[in-house]
Amino acid sequence: MTWLDPLSRAMHNQAGQHGPAMLMYHAVTPGAGTPSWPWAVSMQRFREQLDFLAAEGYATPTMGTLAARPAKAWGGRTAVITFDDGYVDNLAACEELQKRGMRATWFIVSGSIGREPAWPADGRPVGRLLNANELREMQAGGMEIGSHTVSHARLTELDDAAMMRELVESKTTLETLLGQPIGSFAYPYGAWDVRCAEAAQHAGYAAACTTRTGWVLRDGNPYQLRRLTVFNSDTLGSFARKLYFGSHDVRWRDIAAYAFRRLKRT
Ligand SMILES: [Zn+2]
């Protein structure tokens, strides 16, 4: 196991008192080090993070499983692992999960399956997205496939009809392709508001997740689930601190400010 600094270790020993967390990944690039895209993590770091979750006794249900049971049913050391967009390098990540008996949820853009993403590039790795056969195999291996719209649209900018099309068509396409109901959804760009959350419910999803930081069930609303972003630069220490604080703002500077506020209150 990779070295974990003593302070992060001490904090994480207290982790698991505030309910489940949900982690957000995108690309997992081969090799070690820090990928240039903030939303990618290297395979070496990803493996370390999974080993840490396993060693610390985390349950890793899919988002669908988490949402299907009452909040009280989940112990604190629960971490739902999610992947947005479905980059093809996620196949290797999926294998790593399977080796450890872990599950995860993938949010797929139904209009770009097996192809290069049709939405604007922002420094992400080049290459195609997961194809239908790959998604079927992942599903057969216990992974959950969810929807991430048809076109990776920013739902808050669409009128009601266009928004419903993105929600319903992606669900139907994936259901036809995979032969299973699609119950989980992730808002592209984390762009959502109350109108989007209601539309996701009307479209028949059981749950939807944002990119807001915090404990996953904090808002008590299955269409506003929160996630912790795992960034390219995260060390095992910052990863452990995210799970302790339920926040992805865990630079030491933020933590010092937090500790100072608490001191002043006592
Ligand atoms: Zn996305």
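Computed from a predicted structure; not experimentally measured. Counting convention: from 1, in listed order, for ligands and their atoms alike.
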Asker: How about R103: does its CZ atom have over 12 heavy atoms from other parts shown lying under 6.0 Å from it?
Answerer: no

Asker: Roughly how far apart are C209 SG and H148 NE2, rounded to 0.5 Å?
Answerer: 8.5 Å

Asker: Does a side-chain heavy-atom distance below 4.5 Å link F83 with H26?
Answerer: no

Asker: To the nearest 0.5 Å, what is the distance between CZ on R128 and CD1 on I113?
Answerer: 11.5 Å

Asker: Closer than 2.8 Å to the Zn ion (ligand 1), which protein N, O or S atoms?
Answerer: D85 OD1, H148 NE2, H152 NE2

Asker: Centre-to-centre under 6.0 Å for F46 and Y25, is that the case here?
Answerer: yes

Asker: Would a line drawn from the ring center of Y187 to the ring center of Y189 be shorter than 6.0 Å?
Answerer: no

